[in-house]
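Note that these values count all heavy atoms, side chains included, but never hydrogens, waters or copies made by symmetry. Below, chain A is the first sequence line, B the second, and so on; all start at residue 1. Please read all numbers here as calculations on a predicted model, not as lab measurements.
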Amino acid sequence: MSAKGTPVSRERAGARATELRAQIERYNHRYYVLDDPEVTDAEYDRLFRELQALEAQYPELLTPDSPTQRVSGSVQEGRIPVRHAVPMLSIRTETDTESSGAATFDTRVRRELALREGAPPVEYACELKFDGLAINLRYEGGELRQAATRGDGETGEDVTANIRTIKAVPARLRGVSAPVVEVRGELFMRRDDFEKLNEQQRALIASGAKHEKTFVNPRNAAAGIVRQLDPAMTAKRPLSFFAYGLGEVRGWTIPATHSATLDALDAMGLPVSQERAVAAGAHGLIAFHQSIGARRDTLAFDIDGVVYKVNALALQKRLGFVTREPRWAVAHKYPAQEQTTEVVAIDIQVGRTGRLTPVAKLKPVFVGGTTVSNATLHNEGETRRKDVRVGDTVIVRRAGDVIPEVVAVVLEKRPPQVGEPFDLAQQLDGRCPVCSSRIEREEDSADWRCTGGLFCPAQRKQTLLHFAQRRALDIEGLGDKLVDQLVDGEIVRTPADLYGLGEAGLLELERMGEKSARNLLAALAKSRDTTLARFLFALGIRHVGEATARALAEHFGDLDPLMAAGAEEIERVSDVGPIVAASIHRFFQEQHNREVIEQLRQRGVRWPRADKPAAPADAPYARKTFVLTGTLESMTREAAQEHVLALGGKVSGSVSKKTDFVVAGADAGSKLAKAEALGVRVLSEREFLALLDGAAP
DNA sequence: TAGCCTCGAGTTCT
DNA sequence: CTCGAGGCTA
């Protein structure tokens, strides 16, 4: 940008530059701190360029705190250590996950202050514990002079040039020009900024950029960016900042309470989180902890807990410090949703269909409320994409959902002697880890499979467990430990063998007393009476799950017509295409399968000739699709499903615009949210019950 | 033929 | 719960 038009006088230029700086600072504040832009981006750019031009024309006008210095700036050679005038202490962390952490703190504070039983509750300032990195900003005469990382608390690193490029950090304090005001706060990245940044990075990598990489999480991104040596790079990254305290202060009166200090920081133009409160006593702390905990996922940024501080400065002074931790503050963490741990091994599991699934064996970590030691890697492609190797340090997450997942590898921590990229076939030497059969991968498929079929004990075990599961023949008491013994001892090979078990044989097994043996035999006897749909599902035909089994049962009415049917005939069943039809046909052509089925029938497995007569087409909810979510008080999900089927409706697993009703129980999650987004009719449990009772929806 | 929808299969921990 | 893939529909 060049200065255009008639050359302005030096004097007028100086006045204009000052004016522009003030204006740009104000816009920055509105935009980055208040989140409420005053002018359009184009107008902002215009002013910004005008200032740049003036400074280019009159270099003597250039001041270190000019907004233009936030984007250019020179590349630093290395990091300069900075000794903090007042040490940056760490706050004690309550590790427990219950709200009792708050009560413990309150009790301790009251004891230290020697408060009597009936004394009024202590007042606390509550705020968020941001998941970022702590920074000390030193303002002298109201101007930002130095920014440093926390380091070991005594000495940090100088990151002034980088921090100057962060627009949320004001270069000048509003209304305060005291000789020294040090502001402490947290530098972090918002979740949406993080997502956007990674999207850009992925695009760069896709277009062939060599040195680019995606960031693992917002915290790592923020830390990496601040310690980056080139401020111009930092300037391009979206970092945010919240102030939460003070360091050295000279010539300015510190307010009498922490909450008032935060208000004062806010008034100086520093961003201060609005998620803060003044609470009274343990009750107030617990309420704050819970209210933030409930909204944790909806915050724009990651937090790892909340912080409680005794509000009155006078009381803080009385409480003082233990070693290097203040007695007047405590961090109360939420269970971490992410943790890092080490990959001890990559095991490969064999599923019922022979699918080979790599599973990361992890050094146990406490994540999201439980200890995690395994995490699926899904398949070879996924493992390679994430480049997970034995010995790597990985980030494990248990967000909203239940199942742990390996998010990414922390490459900086990869040991030099780490192994090769994951290669499933090579690791297994081309053979099934259980039965040594050859393994293969179908074209265009992500999965390797064991070709051993039922010869493979792993597949046999899974087949038996599938047969016995609740939604199949429901054989109570037949769990994996028992199946292991039965198969390894070659007592049972096929589901039909289960019905040939006798009490004497069972008593030979470990951990099997008379009582358990009799219970199992009773469960087996009970399971003989079933339905065709359950039986078809229990067989474990590839591509035939519960829904398809039901459709087949309804269409064919009995097993024999289905066994006799050709592939084309099977394909006439709705939702069955060529692949599924062929799979079913092949299954029944297999001699071994026919034998097992025959034996099962001989041993008394039976079902009513025709499955439950289909609800008439004019049934009140014929062909209506229901989705169940959350926990119902009055019945199990299975029972609810039965009721819907009886009405002539059907139950689906996911919400789409074709869904007619979503039944929301307690703690309904994403499905409810989706239903609301799509405008799908949502029924409460009470409304659902009324509907079952025959009332109109 | 693309894109949506649904189903199947696999997974974790208490 | 999620992902991949099979089936259906516009």
Can a salt bridge be assigned to the pair [X] and [Y] using a cut-off of 4.0 Å between side-chain N and carboxylate O?
X       : Y       : result
E546(A) : R471(A) : yes
E380(A) : R384(A) : yes
D529(A) : R534(A) : no
D474(A) : K526(A) : no

Within this structure, what is the [atom1]-to-[atom2] distance between [X] and [N], rounded to whole angstrom?
X       : N       : atom1 : atom2 : result
E546(A) : dG8(B)  : CD    : P     : 8 Å
D480(A) : dT14(B) : CG    : C1'   : 14 Å
Q469(A) : dG10(B) : CD    : P     : 11 Å
W448(A) : dA9(B)  : CH2   : C1'   : 20 Å
N379(A) : dG10(B) : CG    : P     : 13 Å
R471(A) : dC7(B)  : CZ    : P     : 12 Å
R355(A) : dC3(C)  : CZ    : C1'   : 8 Å
D575(A) : dT9(C)  : CG    : P     : 8 Å

Close residues, residues 578-585 of chain A, relative to DNA chain C [heavy-atom separation under 4.0 Å]: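 Going residue by residue through residues 578-585 of chain A, the ones with a heavy atom under 4.0 Å of DNA chain C turn out to be P578(A), I579(A), V580(A).
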Taking only the side-chain nitrogens and oxygens of Q349(A), find out if one of them lies under 4.0 Å from OP1 or OP2 of dT11(B).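 Yes.
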With a 4.0 Å cutoff (strictly under), does any side-chain N or O of N374(A) reach OP1 or OP2 of dC13(B)?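 Result: yes.
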Between T659(A) and V359(A), name the one whose nearest nucleotide on DNA chain B is closer to the 5' end.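 Whichever sits nearer the 5' end wins; that is T659(A).
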Among [options], which nucleotide sits nearest the side chain of [X]?
X       : options                  : answer
R542(A) : dC7(B), dT12(B), dA9(B)  : dA9(B)
T353(A) : dC8(C), dT11(B), dG10(B) : dG10(B)
T371(A) : dT12(B), dG8(B), dT14(B) : dT14(B)
S373(A) : dC13(B), dT11(B), dG8(B) : dC13(B)

Check N374(A) against L362(A) and note the closest heavy-atom contact, atom names and distance.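 What the structure gives for the nearest pair is C-CD1, 4.2 Å.
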So, using ring-ring contact (aromatic ring centres under 6.0 Å, His included) as the criterion, who are the partners of H466(A) when residues are at least two apart?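 With sequence neighbours excluded, H466(A) shows a ring-ring contact (aromatic ring centres under 6.0 Å, His included) to F537(A), given in chain and number order.
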Would you please name every residue forming a side chain to side chain contact (heavy atoms under 4.5 Å, CB included) with D302(A), sequence neighbours left out?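 In terms of side chain to side chain contact (heavy atoms under 4.5 Å, CB included), with neighbours along the sequence ignored, D302(A) is linked to D131(A), R191(A), P218(A).
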